[in-house]
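See below for the structure under consideration.
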Amino acid sequence: EDQVTQSPEALRLQEGESSSLNCSYTVSGLRGLFWYRQDPGKGPEFLFTLYSAGEEKEKERLKATLTKKESFLHITAPKPEDSATYLCAVQARTGSQGNLIFGKGTKLSVKP
Amino acid sequence: GAVVSQHPSWVICKSGTSVKIECRSLDFQATTMFWYRQFPKQSLMLMATSNEGSKATYEQGVEKDKFLINHASLTLSTLTVTSAHPEDSSFYICSARWRGIYNEQFFGPGTRLTVL
């Protein structure tokens with residue numbers, strides 16, 4: 001069964017304190033792994049897509065990496081505005097419709 | 001960037017009434033649109049997948065007669081919650097997949113449905 005597990009469930013950081021969020025997955029053939037940011041009461045905002053092990057992508061203070069079993073979202077010197085829930089999702093090759101399987105998310109709080 | 005809109009952003013209705021939610025891709029053509037439901041402090045649960053011009057595919061446990069989906073064009077999909085009940089109260093989010101070589105899904109801002 002395709003599955004996505006994110007850890008930790010919640011993470012509290014001081015402004016400037018770098019850290020990483022983990023996304024472990026089991027999928028019958030990975031088509032893509034996606035990271036989204038979701039603010040309370042809003043839809044997810046697309047951040048990154050990773051397609052193959054070893055791939056890395058960066059955007060401002062965020063950097064996403066991918067291995068054959070997991071992905072990390074590294075946050076460098078976070079700011080309070082980075083506070084949000086970060087969602088990881090995978091798309092399996094066997095899914096003809098291309099639907100995403102989401103993890104439960106990591107709620108990040110950055111204190112000034 | 002790809003923009004997906006939803007309307008309305010929130011709606012309150014009486015039990016037994018029907019509610020229609022629109023999802024539009026504003027600056028791209030979407031081959032496929034997806035409808036999700038999210039309960040407080042939970043992740044997104046896929047309800048159904050719709051392709052333009054064809055019937056929607058519903059996930060197990062989702063009542064197709066209750067949640068009617070119409071995907072009339074490459075930029076518009078609608079979800080109608082029929083005979084809504086308080087247990088249907090939730091945050092409904094749509095997403096659209098770009099008609100291109102990439103697989104990214106772009107999400108709408110969501111619709112908060114409250115059934116009294």
Side-chain angles (χ1 to χ4, degrees), chain A residues 1-10 21 23 25 27 29-52 55 57 59-60 64 66 84-109, chain B residues 1-7 9-10 21 23 28 30-52 54-60 62 69 71 90-114:
Chain A
E1 181 184 350
D2 299 334
Q3 198 169 2
V4 177
T5 303
Q6 290 188 247
S7 61
E9 290 186 12
L21 282 56
C23 172
Y25 64 91
V27 64
L30 180 70
R31 178 176 288 179
L33 184 141
F34 303 80
W35 282 99
Y36 290 87
R37 168 190 170 133
Q38 186 176 27
D39 292 300
K42 297 188 177 181
E45 174 190 345
F46 173 76
L47 294 175
F48 303 109
T49 310
L50 301 167
Y51 292 101
S52 58
E55 190 175 359
K57 288 191 177 175
K59 179 182 180 181
E60 297 180 352
L66 180 66
T85 295
Y86 290 85
L87 299 171
C88 172
V90 297
Q91 185 182 58
R93 290 190 180 280
T94 54
S96 60
Q97 298 276 31
N99 53 291
L100 298 179
I101 302 164
F102 279 89
K104 293 185 177 181
T106 293
K107 184 176 181 180
L108 174 65
S109 299
Chain B
V3 179
V4 177
S5 70
Q6 273 184 250
H7 179 80
S9 56
W10 59 271
I21 302 170
C23 176
F28 68 101
T31 48
T32 307
M33 287 186 171
F34 303 86
W35 286 95
Y36 294 83
R37 186 171 176 175
Q38 187 175 35
F39 291 105
K41 298 184 180 181
Q42 298 291 318
S43 192
L44 283 75
M45 296 297 294
L46 180 66
M47 298 175 63
T49 303
S50 72
N51 293 293
E52 184 259 342
S54 61
K55 291 184 178 180
T57 303
Y58 291 81
E59 294 300 299
Q60 193 172 8
V62 178
I69 291 173
H71 194 157
S90 189
F91 192 51
Y92 292 88
I93 311 174
C94 73
S95 72
R97 189 172 66 181
W98 183 38
R99 188 179 191 177
I101 62 173
Y102 301 107
N103 290 312
E104 287 89 352
Q105 285 185 30
F106 299 94
F107 285 80
T111 296
R112 172 72 59 192
L113 171 63
T114 302

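Lettering of chains follows the sequences in order, A, B, ..., and the numbering in each one begins at 1. Below, all heavy atoms of this structure are taken into account, side chains as well, without hydrogens, waters or symmetry copies.
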Side chain, backbone, both or neither: which part of B:L46 has a heavy atom under 4.5 Å from chain A?
-> side chain

Sort B:Q38 into side chain, backbone, both or neither according to what part of it lies under 4.5 angstrom from a heavy atom of chain A.
-> side chain

Check whether A:Q38 gets within reach of chain B through its side chain, its backbone, both or neither, counting any heavy atom under 4.5 Å.
-> side chain

Side chains of B:Y36 and B:Q105: donor-acceptor distance under 3.5 Å anywhere?
-> yes

Choice from A:A89, A:G43, A:P40 maximising heavy atom contacts with chain B below 4.5 Å = A:G43

May I ask you to check whether B:N51 and B:T32 show a side-chain donor-acceptor distance below 3.5 Å?
-> yes

What part of A:I101 is in contact with chain B, defined as an atom under 4.5 angstrom from a non-hydrogen atom: side chain, backbone, both or neither?
-> neither

Heavy-atom side-chain proximity of A:K59 to A:F48 below 4.5 angstrom | yes

Quick one: does A:E45's side chain have a donor or acceptor within less than 3.5 Å of a partner on A:Y36's backbone?
-> no

Answer yes or no: are there more than 12 heavy-atom neighbours, outside A:E9 itself, under 6.0 Å from its atom CD?
-> no

Residue from A:L100, A:T49, A:L87, A:D39 scoring the most non-hydrogen pairs under 4.5 Å with chain B is A:L100

With chain B, which of A:P44, A:G103, A:G105 has the greatest number of heavy-atom pairs at distances under 4.5 Å?
-> A:P44

Calculate, to the nearest 0.5 Å, the distance between atoms CG and OG belonging to A:L66 and A:S52 respectively.
-> 7.0 Å

